[in-house]
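Working notes, beginning with the structure itself.
From a predicted model like this one, the values you see are computed outputs, not experimental measurements. One-based numbering, in listed order, for ligands and for the atoms of each.
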Amino acid sequence: MTIVATAPGKAILLGEHFVVYGTGAILCAIQMYTTVSVTPLDAKVRISSRYGSDEFQLGTNLDQVPPHHRPVMHIADELGLTTDVNIDSEIPPGIGLGSSSACCVAAAGAMLGCKRDGVMDAALRAERRVFGGASGADTAVCLAGGIIEFGKSGSEQLGGGDEITLAVASTGGEHSTPMAVEAVRRTRERDAGGFEAACEQVRGLIGDARSALDSGDLVSLGAHMSQNQKLLAGIGVSDVAADKIVAASARTSYGAKITGAGAGGCVIALVDDSNESKTLDAMRAAGGEAFAVRVDHDGLRVS
Ligand code: MEV
């Protein structure tokens, strides 16, 4: 029997990088998806995706598995499943929209054959084994869908989101999240006091943004996202291309910032019907490949 699981990508509205140091973050799932199907197979694991098709025995050293298939192999191995895995993703890799987390969540959901029990743990263990110290925020929102506040004690589903559209612009090129996280670790080491002060500000922004979300106040939510961008630029995870798109889209939207690890990924701008198309135009004129995306409310689906 074939089991099919679909998980959404994500955008981080506030708190990336700082969440690794305990500030929490607010994230939303987005209507871009990765679908993983699994069918039992004798004696081996076959993984097929846009990167090609590979076959392995259970217990194969992960170093021998091509990087993009390692997390899925890790999950199959842990569960002791010989299976034929097909990965079909519309989420561009390496630009901060949650392609790895969506893949891990969908793979764990398909292999466990369920939406919740054990999926978060299996997906996060795979991400941490392959990519290092992920906070778990991305995994949590790809699993839950909607808008969440992710914190030390887990994640809380927030209301709203129907009014939110994000204009998204890729600056071009893929980034490495582990490298960006490592660069921030070094920045923090050089100036622990300055970094903690920024964390404190992020905590304040997250608290205020929750109230803005509760009351559907896009002007206030956008202003907090723009404030967050200043703090992200301060720890060095924005770059010239992103700065240019942020500046252009901040003029037409409610607020703009990078999303995810930065260092060559995506900029998001908060918009609604009144300013969506002029913000997309502004992003394109500033050099971004831009599109609009809305919030996914389902999270992981398994059938
Ligand atoms: C990456 O999408 C988000 C980071 O905060 C890393 C993490 O939370 O694991 C940069």
Side-chain angles (χ1 to χ4, degrees), residues 7-30 32 34 68 70-71 89 91-105 120-121 123-145 147-156 166 168-171 173-189 195-196 198-199 201-203 205-206 209 225 228-229 231-239 242 257-268 293 296 299:
K10 66 94 202 354
I12 302 183
L13 301 178
L14 292 130
E16 54 271 270
H17 285 292
F18 297 104
V19 66
V20 174
Y21 300 95
T23 60
I26 295 181
L27 304 92
C28 66
I30 57 173
M32 295 178 84
T34 295
H68 290 100
R70 277 179 201 161
S89 184
I91 308 170
I95 62 169
L97 297 180
S99 65
S100 304
S101 295
C103 181
C104 287
V105 166
M120 176 76 189
D121 289 347
L124 187 54
R125 273 198 300 273
E127 287 201 78
R128 287 190 168 147
R129 169 72 174 78
V130 176
F131 304 115
S135 67
D138 296 6
T139 322
V141 79
C142 293
L143 175 61
I147 303 181
I148 66 163
E149 179 175 353
F150 179 86
K152 278 187 198 142
S153 51
S155 55
E156 183 186 347
L166 296 175
V168 181
S170 166
T171 61
E174 291 186 24
H175 65 194
S176 155
T177 298
M179 280 169 68
V181 169
E182 172 57 19
V184 171
R185 192 190 64 72
R186 287 197 301 270
T187 301
R188 178 173 178 261
E189 230 171 51
F195 195 88
E196 186 43 41
C199 285
Q201 289 185 62
V202 170
R203 286 188 192 96
L205 292 176
I206 288 173
M225 289 167 61
N228 190 178
Q229 170 63 17
L231 298 169
L232 288 164
I235 59 167
V237 293
S238 200
D239 59 17
K257 61 184 277 294
I258 63 161
T259 188
C266 276
V267 169
I268 53 169
V293 73
D296 162 272

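In terms of protein heavy-atom proximity, atom 3 (C) of ligand 1 is nearest to I12 CD1, 3.7 Å. Given atom 4 (C) of ligand 1, the protein heavy atom at minimum distance is H17 N, 4.0 Å. In terms of protein heavy-atom proximity, atom 2 (O) of ligand 1 is closest to D138 OD2, 2.6 Å.
Counting atoms of ligand 1 from 1 in the listed order, those under 4.0 Å from a heavy atom of A134 are 9 (O). Every atom of ligand 1 with a heavy atom of K10 under 4.0 Å away is listed here by number and element: 2 (O). Atoms of ligand 1 lying under 4.0 Å from any heavy atom of G260, numbered from 1 in the order shown and given with element: 2 (O). Against a heavy-atom cut-off of under 4.0 Å, V19 is close to the following atoms of ligand 1: 5 (O), 8 (O).
Ring pair F18/F195 is tilted by interplanar angle, where 30° to 60° counts as tilted.
Considering both main-chain and side-chain atoms, E16 never comes within under 3.5 Å of ligand 1 through any nitrogen or oxygen pair.
Of the inter-residue distances, the one linking R188 atom CZ with H17 atom NE2 reads 14.0 Å to the nearest 0.5 angstrom. The distance from atom CG of L97 to atom CD1 of I30, rounded to the nearest 0.5 Å, is 4.5 Å. With values rounded to the nearest 0.5 angstrom, I147 atom CD1 is found 13.5 Å from S155 atom OG.
With hydrogens and angles left out, the side-chain atoms of E127 and S100 include no donor and acceptor closer than 3.5 Å.
Salt bridge E149/R203: absent, no basic N to carboxylate O contact under 4.0 Å.
Heavy atoms of S135 found under 4.0 angstrom from ligand 1 belong to the backbone as well as the side chain.
A 6.0 Å sphere centred on CZ of R70 holds more than 12 heavy atoms belonging to other residues, nucleotides or ligands.
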